[in-house]
Number of protein chains: 2
Amino acid sequence: MCMQHKLDYPQKQFEHAIVAVDVVIFTILDSQLSVLLLELKEAPLTGKWALPGGLVRVDEDCDQAVARHLQEKANVSDIYTEQLFTFSAIDRDPHGRVISVSYFTLAPQDKLHPQTTPRYQGIALHPLSRLPDLAYDHRQIIDTALSRLRSKIEYTNVVYSLLPKEFTLTQLQSTYEVILGRPLDKRNFRKKILSLGLVKSLDRTTAGLAHRPAQLYAFINRKPTFANIL
Amino acid sequence: MCMQHKLDYPQKQFEHAIVAVDVVIFTILDSQLSVLLLELKEAPLTGKWALPGGLVRVDEDCDQAVARHLQEKANVSDIYTEQLFTFSAIDRDPHGRVISVSYFTLAPQDKLHPQTTPRYQGIALHPLSRLPDLAYDHRQIIDTALSRLRSKIEYTNVVYSLLPKEFTLTQLQSTYEVILGRPLDKRNFRKKILSLGLVKSLDRTTAGLAHRPAQLYAFINRKPTFANIL
DNA sequence: CCAAAAGTGTTCAGTATACACCCATGG
DNA sequence: CCATGGGTGTATACTGAACACTTTTGG
């Protein structure tokens with residue numbers, strides 16, 4: 001995170017670097033992989049966008065700081081959260097020496113309730129394909145997060161965090177396709193997913209749509225689990 | 001790292017956490033995967049062992065801090081280094097609020113020249129199978145590093161950092177076996193390694209040993225490269 | 001009856017695994 | 001000649017990839 005976010009942060013010289021967290025919140029919005037961003041207000045970064053985050057308090061660890069900032073800025077809790085990388089370039093924040101422990105999270109779009117606050121000009125989900133001008137090294141953080149997410153979904157079940165409790169196999173497949181940025185073969189994908197035993201079919205189907213109803217499925221286990229998915 | 005390491009560090013209360021690096025230096029000693037540890041001198045941790053590391057200065061980033069501490073404590077440079085995880089539990093260091101950005105490195109045993117310094121009682125390589133009593137959360141850091149190393153060698157060529165420039169295929173295989181903790185099939189291993197084109201055979205063999213001489217090989221590319229090795 | 005998404009198997013190629021004997025050297 | 005590690009090939013099972021048509025519903 002960046003001192004810019006914290007108006008109440010003392011602007012004196014520090015003997016040592018201070019620690020903040022920055023969080024890449026991924027979600028799928030309109031079939032696009034998107035991230036939550038905040039628009040900065042103060043010069044010289046007015047109009048640039050930044051990841052949600054903030055300082056780590058002396059009475060909390062980084063995971064707790066992430067949970068707190070997620071609650072404050074996106075009003076979201078209980079989503080998949082994983083530490084990503086620690087960025088420590090000396091000049092990454094022009095306002096002072098701030099080391100950022102970055103995280104990425106996955107949330108279904110309907111769990112995110114961005115809170116506008118007077119500290120920022122705006123808050124919005126942006127598709128990765130059209131990111132606005134980003135502050136600090138946040139572009140690099142997002143790139144790192146995307147690359148980690150892409151490899152992670154190949155060997156774990158973490159996509160459960162991006163989907164509603166009940167979903168169709170087509171929704172599941174398209175989640176994979178959006179993240180990986182390439183199409184997958186329908187028959188091979190279904191065969192593989194079903195053979196892994198990670199999902200169970202519910203005795204219900206979609207209805208009211210102008211095409212054949214689809215069987216609904218749910219993850220048997222909504223905990224991070226390893227499996228060779230792709 | 002731990003304030004304990006830095007006698008010159010002021011023992012006052014900090015407004016914020018301070019940042020240190022801790023480094024797991026892996027090497028192979030007597031066919032055992034080992035780590036470099038320092039024996040602490042001061043109460044209440046006298047006799048406990050700790051990873052090399054130290055504070056991050058305000059004029060350096062974490063990578064530079066790691067290089068500096070490696071140079072000071074193990075007199076080693078130019079080895080494979082990778083950021084591992086950031087540990088931030090509030091009580092991980094009883095002397096103060098220190099967040100540790102941990103790293104792991106790989107070095108051939110003959111590149112390590114541990115320096116005894118008056119600050120520590122001892123410095124030594126310890127096989128992972130018989131670790132001494134460790135200070136702070138360093139046991140957890142080592143466990144995390146081992147687990148990362150094990151998965152990393154399956155899909156990259158990083159073991160080149162543990163081997164001398166020239167090596168036999170048996171040496172290479174036994175490096176894998178020591179890290180993974182399980183035996184590998186000799187014929188399948190050789191077939192796979194040679195088919196990947198990561199190593200080239202030199203026109204030289206071992207000599208002077210009481211058995212058939214072995215062909216010497218070298219890595220074509222001593223840079224981290226991806227490949228499905230296992 | 002048209003549009004739209006759901007659902008379903010087989011073939012082929014490539015890769016992983018299991019497995020045992022002879023070779024070259026020093027002592 | 002013995003001990004020690006070096007070096008080699010084949011058969012089988014499994015997995016990943018390619019590929020096209022029929023079904024069910026709403027409008």
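Every chain is numbered from 1, with letters handed out A, B, ... down the list of sequences. What you see is a predicted model, and the numbers here were worked out from it, not measured in a lab.
Heavy-atom distances to DNA chain D give each of B:Gln171 and A:Ala207 a nearest nucleotide, and the one nearer the 5′ end belongs to B:Gln171. Along DNA chain C, the nucleotide nearest to B:Leu230 and the one nearest to B:Gly208 differ in position, and the one closer to the 5' end is contacted by B:Leu230.
In this view, A:Asp203 satisfies the salt bridge (Lys or Arg N to Asp or Glu O under 4.0 Å) rule with no residue, not counting sequence neighbours. In terms of the ring pair (Phe, Tyr, Trp, His ring centres under 6.0 Å) criterion, A:Tyr217 has no residue partners (sequence neighbours excluded). Partners of B:Asp137 under the salt bridge (Lys or Arg N to Asp or Glu O under 4.0 Å) rule, at least two apart in sequence or in another chain, are B:Arg92. Annotation: ring pair (Phe, Tyr, Trp, His ring centres under 6.0 Å) contacts of B:Phe87 (sequence neighbours excluded): B:Phe85. B:Arg187 pairs by the salt bridge (Lys or Arg N to Asp or Glu O under 4.0 Å) definition with nothing, not counting sequence neighbours. In terms of the salt bridge (Lys or Arg N to Asp or Glu O under 4.0 Å) criterion, B:Arg130 has no residue partners (sequence neighbours excluded).
Using a 4.5 Å cut-off on side-chain heavy atoms (C-beta onward), A:Thr170 and A:Arg190 make contact. Taking 4.5 Å as the limit, every side-chain heavy atom of B:Thr225 sits out of range of all side-chain heavy atoms of B:Thr156.
Between A:Glu60 and A:Arg68 there is a salt bridge, since a side-chain N of the basic residue sits under 4.0 Å from a carboxylate O of the acidic one.
Proximity of A:Thr170 to the phosphate of C:dA6: a side-chain N or O atom is located under 4.0 Å from OP1 or OP2.
Shown for residues 176-195 of chain A: residues whose heavy atoms fall under 4.0 angstrom of DNA chain D, namely A:Asp185, A:Arg187, A:Asn188, A:Lys191, A:Lys192. Near DNA chain C, meaning a heavy atom under 4.0 Å from it, residues 210-217 of chain A has A:Ala210, A:His211, A:Arg212, A:Pro213, A:Ala214, A:Gln215 in order of number. Interface residues of residues 152-159 of chain A facing DNA chain D, ordered by number: none; criterion, heavy-atom separation under 4.0 Å.
Counting only residues at least two apart or in different chains, ring pair (Phe, Tyr, Trp, His ring centres under 6.0 Å) contacts with residues 164-189 of chain B comprise B:Phe167-B:Phe219, B:Tyr176-B:Phe189.
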Side chains of residues 103-116 of chain B: which donor-acceptor partners sit under 3.5 Å, not counting sequence neighbours?
from	atom 1	to	atom 2	distance (Å)
B:Tyr103	OH	B:Asp63	OD1	2.6
B:Lys111	NZ	B:Asp78	O	3.1

Pair A:Leu149-A:Leu33, side chain to side chain contact (heavy atoms under 4.5 Å, CB included): steps then yes or no:
CA-CA 11 Å; A:Leu149 174 61; A:Leu33 186 61; 4.1 Å; yes
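Among the protein residues, A:Leu169 comes within range of no part of the nucleic acid, since none of its heavy atoms lies under 4.0 Å from any strand.
The outermost nucleotides of DNA chain D lying under 4.0 Å from heavy atoms of chain B, listed 5' to 3', are D:dA3 to D:dT10.
More than 12 heavy atoms of other residues, nucleotides or ligands shown are found within 6.0 angstrom of CZ on A:Arg222.
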